[in-house]
Amino acid sequence: MRKLLPIIGTPSAAHPGGRSAMTCRFRCGDACFHEVPNTSDNPYVGDVISGALSRRSVMRAAAVVTVATAAAGTVAGTVGAPAASAAPAGKAGRPAGKGDGARGLRFGAVAPNTTDAVVVPDGYRQNVVIRWGEPILRGAPAFDPERQTAAAQAGQFGYNNDFLALLPLPGEHGRQLLVANHEYTDEVLMFRGYDAAAPTRQQVEVAWAAHGLSAVVVEEDRRTGKLTPVPRHHLNRRVTATTEFRLTGPAAGSDLLKTSADPTGTKVLGTLNNCSGGTTPWGTTLHGEENFNQYFANSSRPTDKRYGIGTGATERKWERFDQRFDVAQEPNEVHRFGYVVEFDPYDPSSTPRKHTALGRFKHEAATVRLTADGRPVVYSGDDERFDYFYKFVSSKRMRKGSGRAVREHNLSLLDEGTLYVARLTGDSPAADIDGTGKLPADGEFDGSGAWIPLATATADGAVSHVEGMTADEVFVFTRLAGDKVGATKMDRPEDIQPNPVSGKVYVVLTNNSNRGVGANAKADEANPRTANKHGHILELTERRNRPESLTFAWSLFLVAGDPEDPATYFAGFPKDRVSPISCPDNVAFDPHGNLWISTDGNQLGSHDGLFGVATRGERRGELKQFLTVPTGAETCGPIVQDRRVLVAVQHPGEVDGASVEKPASTWPDGPGRIVRPAVVAVWRADGRDIGV
């Protein structure tokens, strides 16, 4: 293996998945240190997947000279960024920004590095589009880190931007509508002198306002490609932890969702821990509530334990300031989080919805593909070690048009239909899977799968397909329903994206350092490595390429890690011509059908980044690093347009021991300024399309 690069705050072995202790505390409530919530005896996907590599493809990938020796790229255009520390990445004699590769990936790969900046290929430029705290609503004050208030934050861009959507804005030339998730808050990096044992009400209320969503119109500079926000635009909006939401679908009004503040079980305040999401063909955005469990204290119920909800106080201590976060006082409030949120960015007066028909779990993403007759199918992963991935098939057809009646109809599409969970089967004997990634006797990791129905919702009611559970219970305790029907345990299912060109579905599995450790499930054909710290990606083909199909075929597309490690695999592409990659997370597709992968928790000693990989043709599996993010940051929300790439730089400076007083990063504004999560745009200096 390559010698690991030194890095400030490199995660210790005690923190699996490459995350710092601070990340474990604030983003997921130390989930990796808790007992694995899934104690069922369902098959483990690692045992299922370990037969999908092509022996012939691996043999082609013999000599390994990794792209880490390539040039480091540039940091041009970032405010406060240091100068580039290595030679440009373009090959001699080629125009700036050019390189060998599949169409859309012709750029000089950025080398692994630990530069405290966004590093992009030679010939590319960048700008910070918007930072945490920038005012977007009329009347919101300029950001002042020393005088933060909840009222100010509620009019400013939120914290820790994750999923991004960039939508058209008809009638406003050169403008688009940016929607961003705000997953969680890093109080120690937000407030000077923060005392984790005794947060103040003002700090807590600022954090409530910093969660949620932002919608902000952005304007393009056609000469440079940079994007800048348009403050006080009438479509700009903030959604926070105290904004009113509607609970819709089959479980709305259930006794399981009623609280003392909402005896109807149909209204809830706020959305929490929105991670990845998706856009819909009818012009709305979807947002997955992920690690909601960490906000709720003092639980003693087995159903809560299955969701990782703790028995004591929370990290943020919100339960001290609002009893709804104390399960002992308000037992049903926690049942009102963990859903897919639908947001209408074109209607600032609309009430966002939580769709109970898509199930309750730690949603990572919610991506849509239409059936031939216009019914939406939504894919979503449950981001937990040994948990499952799901799809929802609507029974209602999308209508075209923009009138109010059409829009109301389309906003109800995700309330009726059937929720399914995936069960995978490998085609190799269990004895062939030894946990090293070694190929089984048949020379490949692949198999078949089935979508197991959990419950169906109609306009007249809902029907459970799970013995011993009512429909309400299936939609509220979806993890338990998956346990009962024998769904396949996966290695932290994250983003799931259908390829708009081929229709194939890509399932991102970030990592699982607990696989095969102790009494935990062993490696299987779908997860062939014990202590899987780098993750992998499945390629799933629905029967007849129809998203509503009940069966599918699957194979391993990518097994992440250092290409010098024989356990890694890049769809058969020669491993001496790919970038090292670790911990894939969010993904997106470019107009050419290439898959772009952002990473979270790099275990190879360099910073996280964004990578493009070809999914078709003779260069299938060719993977190249496009950018890296600053110290302590995660790469999120990738959007790849013809001439622009956007990424959300989440939690920069999130390194063990860091604070406002002792920052680990000075991005994006340089020394002496508070570190701030932000959205970055990247474009070619010559104005041409990305990677061509």
Checklist entry - Under 6.0 Å from the six-membered ring centre of Phe292 and within 45° of its axis: does the NZ or CZ of Arg360 meet both? => result no
Item to check | N/O donor-acceptor pair under 3.5 Å between Asn594 side chain and His592 backbone | outcome: no
Checklist entry - Any donor-acceptor pair under 3.5 Å linking the side chain of Lys624 with the backbone of Leu105? => result yes
Checklist entry - What pair of heavy atoms forms the shortest contact from Pro528 to Leu556, and how long is it? => result CG-CD1, 4.0 Å
Checklist entry - What are the two closest heavy atoms between Ser276 and Asn586, and how far apart are they? => result CB-ND2, 3.5 Å
Item to check | Whether Gln126 side chain and Val118 backbone form a donor-acceptor pair below 3.5 Å | outcome: yes
Item to check | His651 and Glu634 side chains, donor-acceptor separation under 3.5 Å | outcome: yes
Next on the checklist: Tell me whether Gln153 contacts the main-chain N or O of Ala150 through its side chain, where contact means a donor paired with an acceptor under 3.5 Å.
Outcome noted: no
Checklist entry - For Thr114 and His607, does a side-chain donor sit closer than 3.5 Å to a side-chain acceptor? => result no
Checklist entry - Are any side-chain N or O atoms of Tyr379 and backbone N or O atoms of Val507, one a donor and one an acceptor, separated by less than 3.5 Å? => result no
Checklist outcome for this item: Tested for side-chain hydrogen bond (donor to acceptor under 3.5 Å, both in side chains) against Lys362, the lone hit among Asp387, Asn273, Asn293, Asp383 is Asn293
Next on the checklist: Less than 4.5 Å apart, side chain to side chain, heavy atoms only: is that true for Ile581 and Gln625?
Outcome noted: no
Next on the checklist: For Ser214 versus Gly158, what's the shortest heavy-atom pair and its separation?
Outcome noted: OG-N, 3.5 Å
Checklist entry - What heavy-atom pair brings Asp642 and Pro591 nearest, and what distance separates the two atoms? => result OD1-CG, 3.1 Å
Next on the checklist: Is it true that Arg238 and Gln156 share a donor-acceptor pair across their side chains at a distance under 3.5 Å?
Outcome noted: no
Checklist entry - Tell me, do Leu272 and Trp318 make a side-chain contact under 4.5 Å, heavy atoms counted? => result yes
Checklist entry - Is a donor on one side and an acceptor on the other found under 3.5 Å between the side chain of Asn514 and the backbone of Val517? => result no
Item to check | Verdict with reasoning, Trp667 to Val680, per side-chain contact (heavy atoms from CB on, under 4.5 Å) | outcome: CA-CA 12 Å; Trp667 190 86; Val680 172; 3.6 Å; yes
Item to check | Close side-chain approach of Ile597 to Val613, heavy-atom, < 4.5 Å | outcome: yes
Next on the checklist: Suppose we screen for side chain to side chain contact (heavy atoms under 4.5 Å, CB included). Which residues come up paired with Thr279, at least two apart in sequence or across chains?
Outcome noted: Phe163, Ala165, Leu167, Thr285
Next on the checklist: Please evaluate residues Phe143 and Arg131 with respect to the criterion side-chain contact (heavy atoms from CB on, under 4.5 Å), reporting the C-alpha separation (whole Å), side-chain torsions for both, the decisive distance (0.1 Å), and the verdict.
Outcome noted: CA-CA 10 Å; Phe143 178 64; Arg131 301 160 173 78; over 6 Å; no
Item to check | Option from Tyr159, Phe157, Trp132 for which ring pair (Phe, Tyr, Trp, His ring centres under 6.0 Å) with His182 holds | outcome: Phe157
Item to check | Gln641 versus Trp683, side-chain donor and acceptor atoms under 3.5 Å | outcome: no
Checklist entry - Are the aromatic ring centres of Tyr390 and His363 under 6.0 angstrom apart? => result no
Item to check | Nearest-0.5 Å distance, NE2 of residue His534 to OG1 of residue Thr568 | outcome: 9.0 Å
Next on the checklist: Please give me the minimum heavy-atom distance between Ile496 and Pro498, naming the atom from each residue.
Outcome noted: O-CD, 4.1 Å
Checklist entry - Quick one: CZ on Phe107 to CZ on Arg684, what's the gap to the nearest 0.5 Å? => result 11.0 Å
Item to check | Asn236 side chain to Ile136 backbone, donor-acceptor under 3.5 Å | outcome: yes
Item to check | CA sep, side-chain torsions, deciding dist, call: Thr284, Glu342, side-chain hydrogen bond (donor to acceptor under 3.5 Å, both in side chains) | outcome: CA-CA 7 Å; Thr284 61; Glu342 185 168 14; 2.6 Å; yes
Item to check | Pairing residues for Ser598 by the side chain to side chain donor-acceptor pair (under 3.5 Å) criterion, not counting sequence neighbours | outcome: none
Next on the checklist: Check whether Asn602 reaches the backbone of Ser582 with its side chain - one donor and one acceptor, N or O, closer than 3.5 Å.
Outcome noted: no
Item to check | Non-hydrogen side-chain atoms of Arg676 and Asp669 separated by less than 4.5 Å | outcome: yes
Item to check | Spacing of CG belonging to Asp608 relative to CG belonging to Leu627, to within rounding of 0.5 Å | outcome: 10.5 Å
Checklist entry - Is any side-chain heavy atom of Leu646 less than 4.5 Å from a side-chain heavy atom of Val679? => result yes
Item to check | Pair Thr367-Gln497, side-chain donor/acceptor within less than 3.5 Å | outcome: no
Checklist entry - Just by distance, do the side chain of Thr240 and the backbone of His211 share a donor-acceptor pair under 3.5 Å? => result no
Checklist entry - Taking atom CD of Glu539 and atom CG of Leu595, what is their separation to the nearest 0.5 Å? => result 9.5 Å
Item to check | Distance-only donor-acceptor check, side chains Glu183 and Asn160, under 3.5 Å | outcome: no
Next on the checklist: What verdict does the side-chain contact (heavy atoms from CB on, under 4.5 Å) test give for Val218 and Leu166, after you've listed the backbone C-alpha separation in whole Å, the side-chain angles of each residue and the deciding distance to 0.1 Å?
Outcome noted: CA-CA 9 Å; Val218 293; Leu166 201 55; 4.0 Å; yes
Item to check | Sub-4.5 Å side-chain heavy-atom contact between Arg316 and Thr185 | outcome: yes
Next on the checklist: Just to verify, which of Asn511, Asn512, Asp382 counts as forming a side-chain hydrogen bond (donor to acceptor under 3.5 Å, both in side chains) with Arg492?
Outcome noted: Asn511
Next on the checklist: Contact between Glu187 and Lys317 at the side-chain level, heavy atoms closer than 4.5 Å - yes or no?
Outcome noted: no
Item to check | Heavy-atom side-chain proximity of Val660 to Tyr194 below 4.5 angstrom | outcome: no
Checklist entry - Between Phe337 and Tyr295, is a ring-ring contact (aromatic ring centres under 6.0 Å, His included) present by the stated rule, with each step listed? => result CA-CA 10 Å; Phe337 292 85; Tyr295 301 93; 8.2 Å; no
Next on the checklist: Distance check, rounded to the nearest 0.5 Å: Ser380 atom OG versus Asp495 atom CG?
Outcome noted: 9.0 Å
Checklist entry - Taking atom types as modelled and ignoring hydrogens, do the side chains of His287 and Asn181 form a donor-acceptor contact shorter than 3.5 angstrom? => result yes
Next on the checklist: Let's go through Asn520 and Phe386 carefully: what are the C-alpha distance in whole Å and the side-chain angles of both, what is the deciding distance for side-chain contact (heavy atoms from CB on, under 4.5 Å) to 0.1 Å, and is it a yes or a no?
Outcome noted: CA-CA 9 Å; Asn520 292 313; Phe386 305 110; 3.7 Å; yes
Next on the checklist: Please give me the minimum heavy-atom distance between Val239 and Pro352, naming the atom from each residue.
Outcome noted: CG2-CG, 4.4 Å
Next on the checklist: Taking Gly593's backbone N and O only, do any of them form a donor-acceptor pair with Thr615's side chain (distance below 3.5 Å, no angle check)?
Outcome noted: yes
Next on the checklist: Tyr388 vs Phe361, test: ring-ring contact (aromatic ring centres under 6.0 Å, His included). Steps then yes/no.
Outcome noted: CA-CA 10 Å; Tyr388 316 131; Phe361 47 89; 9.2 Å; no
Checklist entry - Are a donor atom and an acceptor atom from the side chains of Asn274 and Thr271 found within less than 3.5 Å of each other? => result yes
Checklist entry - If you round to the nearest 0.5 Å, how far is OG of Ser659 from CG of Asp186? => result 12.0 Å
